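This one's a predicted model, so the numbers in the text were calculated from it and none came from an experiment.
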Amino acid sequence: MANRLTFWIIVALMLGVTTGWITHVAIDDGSKAAAERLTGIAGYLSILTQLFLRLIKMIIAPLVFSTLVVGIAHMGGGAALGRVGLRSLAWFVGASLVSLMLGLVLVHVSQALADALGVHTAALTPPAGGATGVDQSAFDLAKFVTHVVPASIVDAMAQNEILQIVVFSVFLGVAITAVGDAAAPLVRAAEALAAAMLQVTNYVMRFAPVAVFAATAATLTERGAGVIGQLAWFMGSFYLSLGVLWAVLIGVAFAILGARAGKLVRLIGSPLLLAFTTASSEAAYPRTLEALERFGVPPRIASFVLPLGYSFNLDGSMMYMTFASLFIAHAYGIALPLGAQITMLLVLMVTSKGIAGVPRASLVVIAATLPLFHIPEAGLLLILAVDHFLDMGRSATNVIGNAVAASVIARMEGPLGPVLDGEPGVADALAYPREAQA
């Protein structure tokens with residue numbers, strides 16, 4: 001199933017690129033009417049993508065809730081939960097700092113090469129007072145902190161507030177552990193719900209190639225290939241930087257997991273491709289969870305670390321925020337001293353936590369950070385046109401960062417389970433923690 005899905009996603013990607021490019025070339029004549037027509041066609045194509053993403057969101061809340069409750073119930077007590085939680089947070093902070101620092105270093109390398117080769121973006125730089133259209137009010141640190149605890153779990157699930165669901169599930173899982181046998185029916189109900197939701201995931205994923213085709217075709221139809229060429233240096237250097245980050249993450253995985261890390265890379269290929277083509281880390285969540293279980297990560301750990309990672313361990317987004325902020329400063333000829341750059345890194349480190357539920361989250365955080373360092377917020381307009389293409393890369397990077405995090409933390413907790421060559425049986429996967437505890 002996974003290999004067939006990957007094949008059809010690749011086919012859909014190529015068809016989408018071809019269809020979108022041909023449509024744009026056939027209709028675009030530089031007129032306003034043609035632009036409006038292209039936008040309309042792209043809008044109709046995007047309906048398919050939006051339907052798929054809504055199906056994914058339909059799965060996320062009950063899947064996170066059920067797997068996390070089951071995982072904590074089989075964790076073996078509060079000490080094990082606290083240990084896994086501390087290790088997770090320590091990893092997230094460390095990975096975030098590495099991602100931000102790599103972004104800072106590599107954007108300077110990119111700018112130095114651009115200056116040496118005579119590549120400049122001054123002609124594309126918008127006026128400093130231009131409006132970006134990015135709603136900075138969508139993120140507020142104080143609001144985020146108070147928003148972590150749900151006022152109602154029903155509302156949290158309705159709004160797909162992953163962090164709130166995690167908080168409630170942790171409380172419920174710990175309570176089930178404390179109550180013991182009296183809460184056994186709740187554990188069995190959660191196990192049944194997890195099994196059912198994983199089966200629903202299998203149904204939903206059959207529509208992934210259609211969504212990939214629609215997303216790619218819509219983007220190329222509306223914007224054409226020209227926008228890529230205008231900012232090719234920025235896009236290329238950012239993707240090379242992501243490649244460096246991938247090498248670091250995979251290198252750490254090999255250092256801790258040994259040669260077995262190669263199997264992890266192979267197993268998460270399908271979730272990576274899905275996140276890349278849909279520009280959504282969330283779309284890849286169910287498949288990533290499944291891949292980790294196939295790799296031998298106990299579900300009790302995967303179902304705990306992965307949801308937390310979606311709020312606190314967005315490695316690709318972290319690198320992008322540093323990279324884009326300094327790229328904009330350079331485009332306006334603003335040279336920030338090293339101290340200011342380090343301060344920016346720390347500000348982004350704090351303000352980026354919990355951004356997963358914010359629309360266009362990276363742009364929102366960048367827009368809120370630029371004025372603090374007297375960089376024109378209008379610089380966002382410079383990268384706005386290609387942000388979707390960049391979001392594809394950082395979404396895929398977020399997936400690999402969280403997969404490595406869950407695998408490494410599981411290895412710290414003890415030996416990993418056997419690698420499953422075929423599709424995992426849900427009942428067997430959920431039973432693994434109990435076998436390990438026995």
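- Not a single side chain to side chain donor-acceptor pair (under 3.5 Å) links Thr288 to another residue, sequence neighbours left out.
- With sequence neighbours left out, His108 forms a side chain to side chain donor-acceptor pair (under 3.5 Å) with Gln341.
- Under the 3.5 Å distance criterion, the side-chain polar atoms of Ser110 are left unmatched by any main-chain donor or acceptor of Leu106.
- A donor-acceptor pair under 3.5 Å is absent between the side-chain atoms of Thr221 and the main chain of His24, judged by distance alone.
- Across every non-hydrogen atom of Pro271 and Ala284, the tightest pair is O-CB, 3.3 Å.
- Note on residues 86-96: pairs passing salt bridge (charged side-chain N to carboxylate O under 4.0 Å, His left out), not counting sequence neighbours, are Arg87-Glu413.
- Remark: Thr397 pairs with Trp246 by the side chain to side chain donor-acceptor pair (under 3.5 Å) rule, at least two apart or across chains.
- Across all non-hydrogen atoms, the minimal contact from Ser407 to Leu416 is O-CD2, 4.1 Å.
- Considering only heavy atoms from C-beta on, Leu326 comes within 4.5 Å of Leu104 through its side chain.
- Under a cut-off of 6.0 angstrom, the local environment of OH in Tyr44 is sparse, with at most 12 non-hydrogen atoms contributed by other residues, nucleotides or ligands.
- With hydrogens and angles disregarded, a donor-acceptor distance shorter than 3.5 Å links the side chain of Asn398 to the backbone of Gly316.
- Residues passing the ring pair (Phe, Tyr, Trp, His ring centres under 6.0 Å) test with Tyr320, sequence neighbours excluded: Phe238.
- In the displayed structure, Phe373 atom CZ is contacted under 6.0 Å by more than 12 heavy atoms of other residues, nucleotides or ligands.
- Within the 4.5 Å cutoff, side-chain heavy atoms of Trp91 are placed close to those of Val252.
- Annotation: ring-ring contact (aromatic ring centres under 6.0 Å, His included) contacts involving residues 270-303, sequence neighbours excluded, comprise Tyr285-Tyr310.
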